[in-house]
Amino acid sequence: MDRLSPSEARQLQEQLAGRVVLRPLPAVFSVLGAADLSYIKETNQLIAVIVTFSWPTLQPLESVHVKSAIRFPYVPGLLSFREIPAMLKAYAQLRRPPDIFLCDGQGLAHPRRFGLACHLGILLEKPTVGCAKTRLCGNHEPLEAERGARQPLWLDGTQVGYVYRSKTGVKPLYISPGHLADCNSALWLVERCLGRYRLPEPLRAAHHTATRLRKTMMAT
DNA sequence: GCGACAG
DNA sequence: ATCTTGTCGC
């Protein structure tokens, strides 16, 4: 999965998309993981952070991070090829592997039905859920402004996820199953992870850690 | 050809 | 993603 051309990457996505399994998330599990990245412009590197939490209490368990050289440019639709190498490196540092992963990006809500969350799920063979801050593709009916409002996200006549207003008056979240999950349980998981803010707490924690590390490392 | 386009 | 201050609205 290293030095692919964009067209080869798209071809690989179409192939791997056939392996994605859609089904409800496990009813019982004990560790939830969340991953996020920050970018170090000066060295053209990525910092990958994975934070794990006990479920369902969401108490922090451990946090790992790695620096990784960028091997693939950012291309809309091919984000996973840029981020996954760093995420796998961080994953190897974990003492206790998560049962389920929350990802900062799309899952099924992708032109070839193979967003970042699907890719990570297939490689780790674990349930994953995608939670993106903005839309990549798909259409939906108008969303009410109140917290909790939701609309199915459609792509070519099939539902690929939900557009979900996590807080009143904020921009919605784009939630879609990655692997070993489905639209409804993906939304359920995100709802269960919400705290006071727009983003689910695990992703906020991973994002804050990644951002803080970037600034810390710039001074090194 | 034109607009859209996760992080 | 990152570059960036004040400011409008819950």
Side-chain angles (χ1 to χ4, degrees), chain A residues 6-7 9-10 13 16-17 20 34-50 65-88 90 101-121 128-140 144-149 153-156 160-179 186 190 194-200 202-204 206-219:
Chain A
S7 67
R10 291 185 191 94
Q13 288 181 324
L16 294 179
V20 171
D36 189 45
L37 303 185
S38 64
Y39 174 57
I40 308 178
K41 183 180 180 181
E42 290 72 13
T43 58
N44 197 40
Q45 287 179 311
L46 293 175
I47 298 176
V49 172
I50 296 179
H65 62 88
V66 299
K67 275 190 302 185
S68 180
I70 295 180
R71 305 172 189 177
F72 199 94
Y74 170 70
V75 178
L78 300 179
L79 175 66
S80 64
F81 293 91
R82 174 189 176 88
E83 300 201 339
I84 278 192
M87 291 175 70
L88 293 180
F101 256 101
L102 231 196
C103 302
D104 183 13
Q106 317 288 351
L108 252 199
H110 177 279
R112 288 164 294 283
R113 311 295 206 279
F114 199 70
L116 173 65
C118 300
H119 203 153
L120 185 66
T128 54
V129 167
C131 179
K133 298 181 292 299
T134 62
R135 189 191 72 99
L136 173 60
C137 63
N139 305 291
H140 63 87
E144 300 302 315
E146 292 71 35
R147 162 163 56 92
L153 182 60
W154 303 95
L155 189 57
D156 297 322
V160 291
Y162 280 104
V163 182
Y164 177 71
R165 190 94 65 189
S166 56
K167 296 293 167 186
T168 296
V170 304
K171 293 171 56 58
L173 262 21
Y174 295 78
I175 300 163
S176 59
H179 182 44
V190 171
L194 287 178
R196 177 178 176 182
Y197 304 95
R198 177 193 178 219
L199 297 180
L203 281 183
R204 287 190 74 234
H207 184 270
H208 284 159
T209 300
T211 301
R212 186 175 56 72
L213 283 172
R214 178 178 60 78
K215 295 178 180 175
T216 295
M217 303 177 94
M218 286 176 73

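Treat the numbers as computed from the prediction; the structure is a model and nothing was measured.
Residue contacts shown for Lys167(A) are absent, as no nucleic acid heavy atom lies under 4.0 Å away. Nucleic acid contact class of Gly77(A) (heavy atoms, under 4.0 Å, all strands): base. Looking at heavy-atom distances under 4.0 Å, Gly115(A) makes contact with a base. Residue-level contact check: Leu78(A) touches the bases, meaning some heavy atom is under 4.0 Å from a base atom.
Residue His207(A) places its side chain closer to dA1(C) than to any other of dG7(B), dA1(C), dA6(B). Nearest nucleotide to the side chain of Asp104(A), out of dA6(B), dG7(B), dT2(C): dG7(B). Distance from the side chain of Arg214(A) is smallest for dC3(C) among the nucleotides dA6(B), dC3(C), dG7(B). With dT2(C), dG7(B), dA4(B) as the candidates, the nucleotide lying closest to the side chain of Lys133(A) is dG7(B).
Note on ring orientation: taking the six-membered ring where Trp is involved, the planes of His119(A) and Phe81(A) are perpendicular (angle over 60°, cut-offs 30° and 60°).
Dashed line: the shortest gap from a side-chain N or O of Ser80(A) to OP1 or OP2 of dA6(B) is not under 4.0 Å.
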Pair Gln106(A)-Val160(A), side-chain contact (heavy atoms from CB on, under 4.5 Å): steps then yes or no | CA-CA 10 Å; Gln106(A) 317 288 351; Val160(A) 291; over 6 Å; no
Determine, stepwise, if the pair Leu79(A) / His110(A) fulfils side-chain contact (heavy atoms from CB on, under 4.5 Å).
-> CA-CA 11 Å; Leu79(A) 175 66; His110(A) 177 279; over 6 Å; no
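Stacking between Tyr74(A) and dG7(B) is present: the aromatic ring centre lies within less than 5.5 angstrom of the base six-membered ring centre, and the two planes differ by under 30 degrees.
Side chains of Leu120(A) and Leu88(A) form a contact here, defined as non-hydrogen atoms less than 4.5 Å apart. Considering only heavy atoms from C-beta on, Val170(A) stays 4.5 Å or farther from Arg147(A) through its side chain.
We find that Arg204(A) and Asp36(A) are not joined by a salt bridge, their nearest charged nitrogen and carboxylate oxygen being 4.0 Å or further apart.
In this structure, CD of Glu42(A) is placed 16 Å from P of dA1(C), rounded to the nearest angstrom. For Gln106(A) and dA4(B), the CD to P distance is 17 Å, given to the nearest whole Å.
The shortest heavy-atom contact between Met87(A) and Ala35(A) is CE-CB, 3.3 Å.
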Taking only N/O atoms, report every protein-nucleotides 5-9 of chain C pair under 3.5 Å with atom names and distance.
none

